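Here the structure is a predicted model, which is why all the values come from computation and not from measurement.
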Amino acid sequence: MNATTALQRCRFGLVWITLSLTAAGGCTSFWKRDQDDPSNNPKLAKLLKVPDPPDLVREAAIPHGMQSVRVNGVAIVNGLPDTGGPALPSGFRDMLLEEMKRKEIPNPNDFLELNTTALVQVLGTIPPGSRRGDTIDLEILTPTKTEATDLHGGWLLDTRMRHQKVLDSAVRSSDVLAVGTGPVLTRGDHEGEADGALRVQGAVLSGGVVQNDRKLGLVLRPDFQHVKMSAAIAQAINHRFYFFDGSTRRGIAEPIEDDFIQLDVHPRYRNSVARLMAVVRAIGVAPESSNTQVRLTELGERMKQPAKAADAALQLEGLGEPAIPTLLEAVQSSNPELRFYAAEALAYLDREEALDPLIAAIRSEPAFRAPALKALEDMQHHNVVEGLQRLMDSPSLETRYGGFSALRNREDGRQKLAGQNLRGTYRLYQVPSTAKPAVVVSLRRKPEIVLFGDVQPLQIETFFIGPSGIMIRSVPETGQLRISRFQAGKDDAFAEVDNTLPGVLEGLTEVGGGYGDAVSMLRMAKTQGILPDQLAFDPLPKNLRTYYRNEGSEEGASDEESNGFVSDSEEESDGV
């Protein structure tokens, strides 16, 4: 075979191979197009089909981000009057040394050996929907083996806190989620000093600052995971909940994936995140139409049934403005439970008609007290302040302090209360009240002491020995009290004040006393019988209490049908 023949055969072979590959590719292409045709591929057709919309969002989605996040860190409490002790060798000490080296603190080992310092573990809880800059309470614990004897008067130095999990048999830490610092209030200050362990445990009220926004969301169930369904649910939510970001109207829902919708917290529900999520999930997915009136009629009927009224109120709140007439009718019910559910929904819709029924519920029914106060706290109506002030005369101290807290959390309420800032250590409030006088001490969120009514002065005949070298002595010549404070290594301090409880508390700060000193002094005075009026620590209304329906009440329901509250106590226990 000559060279020309060989060349021709080689060219023919190449052409044949090319044609064969092209044919094969063409057949494959045709086959794929045939397979991609939904009419010929049932599985693909099912995948591409948009699911039928559910009646309510909750049928298609579950909440995401509604769990609290626990954070912790290791830190130093300093400023102790030789009641601290060296940080003993441990994993906590190693962690703290690494943190101190990162901050370039000179001679960290020498610092940890001082008797004026104590190594502590710091814990905090970041609630759902928190934003950067929000504050949280911090819990202070000392390691099991410690030479510290008392954290009273100490200051928690800056600490960075992270969330930790055990993954693959190893402890994994998140980025910094909160930072904390502030004065320590020990458990011994308010619980007594019989147990020495209470003196090395405590809290820093609002001492933690959240570093990142916590996002909320909805996760679509598998049967509803579709990009169009995600968009439809977000559209339904945004039709009800939106706000103005500058000059732009923006909804709270954003479909991120076919199975996830991200939610912002609506400003009206800034302090009621759980309520917002419940209402969002009770929103109807279908657009408003003539069926809306049918739905309103059905929900109006459910508002007459105690077992169904709580959920019906959520759905009506989810409908917004169109539901107001139905709720206004329901709030006229003679049944206190039905009246409460309607009034609560009206309050979140900022309707003035909610005020009087909620104030009445707070006064008369412990189970409704906490949610009613929460609904009024952010209600945008000027008459709310006047309504909450009416609670200050209630015989229940829990009702009074709950109403006070709701007032304090409102900007217009704070102006009415006009508390006294005692040298930046805490706030002192004197609240007029016709009820039995009482002294209330806060153990969470806000360092504050509230005096309700005409609180009597301390009954000091000669002298009273208080905490941290404080002594209070009566001065018969002037009728005043002389406060002295003696501390090792510091100059003696003195103050002469009026013989009133506000005067004594102000005098304590003049001699260098802090919030822990004031709390400890009040507890000791009550124990020794020189504080005649009632002393209570955080008598706030409790959440999730049981509402007991009367079996013979109109439109009643059996226990099995109950959709009420659950708790460990029905009525409050006030004070010491």
Side-chain angles (χ1 to χ4, degrees), residues 152-153 183 185 188-190 192-193 392-393 395 397 400-401 404 408 416-443 446-487 490-539 574-576:
H152 177 89
L185 175 67
D189 290 337
H190 55 89
E193 302 178 1
M392 299 303 103
D393 295 327
L397 183 55
R400 271 181 277 163
Y401 188 54
F404 165 86
R408 184 240 297 130
K416 293 285 185 181
L417 293 170
Q420 182 181 1
N421 187 345
L422 295 184
R423 298 175 182 261
T425 56
Y426 64 95
R427 295 192 73 85
L428 174 65
Y429 294 90
Q430 300 180 61
V431 180
S433 174
T434 59
K436 184 179 178 180
V439 180
V440 173
V441 174
S442 171
L443 301 180
K446 304 286 185 181
E448 64 190 14
I449 295 175
V450 185
L451 309 180
F452 287 104
D454 298 325
V455 176
Q456 301 178 61
L458 298 180
Q459 308 298 305
I460 301 176
E461 295 183 1
T462 53
F463 63 88
F464 165 72
I465 303 297
S468 303
I470 294 172
M471 183 175 72
I472 305 176
R473 182 171 59 86
S474 64
V475 184
E477 298 82 2
T478 62
Q480 293 187 310
L481 296 176
R482 183 174 177 82
I483 302 177
S484 309
R485 189 176 194 186
F486 308 100
Q487 288 181 295
K490 294 184 179 181
D491 294 336
D492 297 342
F494 304 93
E496 198 156 308
V497 300
D498 293 334
N499 188 11
T500 63
L501 191 54
V504 170
L505 293 172
E506 188 172 359
L508 281 180
T509 61
E510 290 184 28
V511 298
Y515 187 54
D517 294 314
V519 173
S520 184
M521 185 274 294
L522 289 171
R523 176 189 54 77
M524 294 172 66
K526 185 64 181 177
T527 302
Q528 297 178 28
I530 65 173
L531 175 62
D533 292 312
Q534 184 179 12
L535 174 65
F537 297 100
D538 261 344
D574 289 341
V576 175

Practice task
Under the side-chain contact (heavy atoms from CB on, under 4.5 Å) rule, what do Glu510 and Ile483 come out as? Steps first, then yes or no, please.
Solution key: CA-CA 9 Å; Glu510 290 184 28; Ile483 302 177; over 6 Å; no
Exercise for the section: Kindly determine whether Asn499 and Gln480 satisfy side chain to side chain donor-acceptor pair (under 3.5 Å), including the steps that lead there. Expected result: CA-CA 5 Å; Asn499 188 11; Gln480 293 187 310; over 6 Å; no
Practice task
Answer whether the closest heavy-atom distance between the side chains of Thr425 and Pro447 falls below 4.5 Å.
Solution key: no
Exercise for the section: Find out whether His190 and Leu443 are in side-chain contact, i.e. whether some heavy atom of one side chain is under 4.5 Å from a heavy atom of the other. Expected result: yes
Practice task
Answer yes or no: is there a donor N or O on one side and an acceptor on the other, between the side chain of Ser520 and the main chain of Gly516, under 3.5 Å?
Solution key: no
Problem - Spacing of Ser484 atom OG and Met471 atom CE [to the nearest 0.5 Å] - result: 5.0 Å
Practice task
Specify the closest pair of heavy atoms between Gln430 and Pro502, including all atoms of both residues, with the distance to one decimal.
Solution key: OE1-CG, 3.6 Å
Practice task
Kindly indicate whether the side chain of Phe463, heavy atoms from C-beta on, has any atom under 4.5 Å from the side chain of Ile472.
Solution key: no
Practice task
Please examine the side chains of Arg427 and Gln420, heavy atoms only from C-beta on, and report whether any two atoms are closer than 4.5 Å.
Solution key: no
Handout entry: Side-chain heavy-atom pair Gln487, Ile470 within 4.5 angstrom cut-off
Key = no
Fill in the blank from the handout: All heavy atoms of Ala435 vs all of Pro395, minimum pair found to be CB-CA, 4.4 Å
Handout entry: Pair Glu506 + Arg423, salt bridge at N-O below 4.0 Å
Key = no
Exercise for the section: Decide yes or no for Leu522 and Leu501: does some side-chain heavy atom of the first lie under 4.5 Å from some side-chain heavy atom of the second? Expected result: yes
Handout entry: Minimum heavy-atom distance between Asp189 and Arg523, given as atom pair plus value
Key = O-NE, 2.9 Å
Handout entry: Over all atoms of both residues, closest heavy-atom pair of Lys526 and Asp533
Key = NZ-O, 2.9 Å
Problem - Any donor-acceptor pair under 3.5 Å from Ser474 side chain to Glu461 backbone - result: yes
Practice task
Would you please classify the geometry between the Tyr426 ring and the Tyr515 ring as parallel, tilted or perpendicular, with 30° and 60° separating the classes?
Solution key: tilted
Fill in the blank from the handout: Taking every heavy atom of Val511 against every heavy atom of Arg485, the minimum-distance pair comes out as O-CD, 3.4 Å
Practice task
Supply the atom-to-atom distance Ser433 OG to Leu451 CG, rounded to the nearest 0.5 angstrom.
Solution key: 11.5 Å
Practice task
Report yes if some heavy atom in the side chain of His152 is under 4.5 Å from a heavy atom in the side chain of Asp517; otherwise report no.
Solution key: yes
Practice task
Test Ser442 against every option in Val450, Asp538, Leu185 by the side chain to side chain contact (heavy atoms under 4.5 Å, CB included) rule and name the one that passes.
Solution key: Asp538
Practice task
Could you tell me whether Arg400 and Asp393 make a salt bridge, using a distance below 4.0 angstrom between a side-chain N and a carboxylate O?
Solution key: no
Handout entry: Pairwise distance OG1(Thr509) to CG(Leu422) - rounded to 0.5 angstrom
Key = 5.0 Å
Fill in the blank from the handout: Closest non-hydrogen atoms of Tyr401 and Pro539, given as atom of the first, atom of the second and distance, are CD2-CD, 3.7 Å
Handout entry: Electrostatic pair Glu496:Arg482 at N-O distance under 4.0 angstrom
Key = yes
Handout entry: Separation of Leu531 CG from Gln459 CD (nearest 0.5 Å)
Key = 9.0 Å
Practice task
Taking atom CG of Asp492 as the centre, report whether more than 12 heavy atoms of other residues, nucleotides or ligands fall under 6.0 Å from it.
Solution key: yes
Practice task
Measure the shortest side-chain to side-chain distance between Leu397 and Phe452 over non-hydrogen atoms and say whether it is less than 4.5 angstrom.
Solution key: yes
Practice task
Show your working on side-chain contact (heavy atoms from CB on, under 4.5 Å) between Leu458 and Met521 and close with a plain yes or no.
Solution key: CA-CA 11 Å; Leu458 298 180; Met521 185 274 294; 4.1 Å; yes
Exercise for the section: For the pair Ile449 and Tyr429, evaluate side-chain contact (heavy atoms from CB on, under 4.5 Å) and give the outcome as yes or no after the intermediate values. Expected result: CA-CA 6 Å; Ile449 295 175; Tyr429 294 90; over 6 Å; no
